[in-house]
Number of protein chains: 2
Amino acid sequence: MTDTSPYAAHGGDGVLFAADCPSRPILDQIADKWSMMALSVLQQPTRFNEIKRRLSGVTQRVLTQTLRRLERNGMITRRVIPTSPIGVEYALTPLGESLVEPFGELYDWTIAHADIVREAQGDYDARSAG
Amino acid sequence: MTDTSPYAAHGGDGVLFAADCPSRPILDQIADKWSMMALSVLQQPTRFNEIKRRLSGVTQRVLTQTLRRLERNGMITRRVIPTSPIGVEYALTPLGESLVEPFGELYDWTIAHADIVREAQGDYDARSAG
DNA sequence: CGGAATCCTGCCTGATACTG
DNA sequence: CAGTATCAGGCAGGATTCCG
């Protein structure tokens, strides 16, 4: 990669996340757990309530906001199915598909390190209590 | 791919993010922008106020909470430097270092797609207004 | 079914002051 | 310096209800 901007590469230098770094406004939009989980679920087109069931714990209000935001950012599409009762199916755009990869690696990381993290939590809590 | 657990791999099937998926409690802890930015900044050991300056926009309250949470999850260490005035330096643990990779890919994604996302936002807003 | 509207609570923000 | 404490005000999120 031929660095054309101070933000071209991650790691190494100290300009990471400066106030004007172009990563900031985007991270504000997508770097939250519900966005990540929704994107992952949408690897196959899915309807609203099905997404809601998968993301157990999310409220319909927050899920709606999340899907709207993802749609506005060009990551998913919203298609109304004129049945009765009505259906709405969400699906990834090519842009959204390209995001699944980084998110997937993060997902895989959590699976791989779940035990270690739980252990660390136990240690910390024991130290705090003692 | 030899799936040993229903959660062994990302993508493909439909069990993603079931209520008992071990990814959930961890994502709750780390899948937020401040955690991600803090971890990235801490690729080199950094003191509190320096981190705060890098993560422009964060309040000291939220940053403290974020660092505590990362420390509890075994991702960073907190070292008090007995100078006067006192100093506190945060640094990555090996666990935290292993997280930098996935986060870095996400960071690189935002840099690479910043323009496309901005364009999508403009389109969406224009459609909404029209 | 999908979502908008409503109300209500509570945490976050932002500012400021205080401690070791 | 690195927090904790406090308080005002605002906005996010939960629960519920209603509509196409």
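Computation of the quantities below employed the complete heavy-atom set of this structure, encompassing side-chain atoms and omitting hydrogens, waters and symmetry-equivalent molecules.
Among C:dA4, C:dG14, D:dT4, the nucleotide with an atom closest to any side-chain atom of B:Thr59 is C:dG14. Checking D:dA2, C:dT13, C:dC12 against the side-chain heavy atoms of B:Gln65 singles out C:dC12 as nearest.
Rounded to whole Å, the distance from CZ on A:Phe48 to C1' on D:dG20 is 15 Å. Following rounding to the nearest Å, A:Arg61 (CZ) and C:dG2 (C1') show an atom-to-atom distance of 15 Å. A straight line from CD1 of B:Ile51 to P of D:dC1 spans 14 Å, rounded to a whole angstrom. When rounded to the nearest whole Å, the span between CG of A:Leu55 and C1' of C:dG2 equals 16 Å. Separating the CD atom of B:Glu50 from the C1' atom of D:dG3 is a distance of 17 Å, rounded to the nearest angstrom. Rounded to an integer number of Å, the gap from CG of A:Asn49 to P of C:dG3 is 9 Å. Distance CG (A:Asp28) to P (D:dC11): 17 Å, rounded to an integer number of Å. Look at NZ on A:Lys52: it is 15 Å from P on C:dA4, rounded to the nearest Å.
Remark: B:Tyr90 is not in phosphate contact with D:dC1, judged by side-chain N or O atoms under 4.0 Å from OP1 or OP2. The phosphate of C:dG3 has neither OP1 nor OP2 within less than 4.0 Å of any side-chain N or O from A:Arg47.
With hydrogens and angles disregarded, no donor-acceptor distance shorter than 3.5 Å links the side chain of A:Ser23 to the backbone of B:Thr110.
Linking ILVMFWY residues whenever their side-chain heavy atoms come closer than 4.5 Å, directly or via other members, places B:Leu42 and B:Leu63 in the same cluster.
The stretch residues 73-84 of chain B comes close to DNA chain D through B:Arg78, each having a heavy atom under 4.0 Å from the strand.
A donor atom on one side chain and an acceptor atom on the other are not found under 3.5 Å apart for B:Ser128 and B:Asp125.
A salt bridge links A:Glu89 with A:Arg79; the closest basic N to acidic carboxylate O contact falls under 4.0 Å. Ion pair B:Arg53/B:Glu50 flagged as a salt bridge, since at least one NZ, NE, NH1 or NH2 atom sits closer than 4.0 Å to an Asp/Glu carboxylate oxygen.
Taking for each of A:Pro85 and A:Thr64 the nucleotide of DNA chain C with the nearest heavy atom, the 5'-most of the two is the partner of A:Pro85. Toward the 5' end of DNA chain D, the nearer of the two residues A:Val58 and A:Ile86, judged by each one's closest nucleotide, is A:Val58. Positionally, the nearest nucleotide of DNA chain C for A:Arg68 lies more toward the 5' end than for the other of B:Trp34 and A:Arg68.
Judged by distance alone, with hydrogens and angles left aside, A:Gln60 brings a side-chain donor or acceptor within reach of the base of D:dT16, the pair sitting under 3.5 Å.
Within 6.0 Å of the CD atom in B:Glu119, the count of heavy atoms belonging to other residues, nucleotides or ligands does not exceed 12.
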**Asked** When you look at B:Arg69 and B:Asp32, which way does the salt bridge (Lys or Arg N to Asp or Glu O under 4.0 Å) test go after all the steps?
**Response** CA-CA 12 Å; B:Arg69 189 172 54 245; B:Asp32 66 283; 3.6 Å; yes
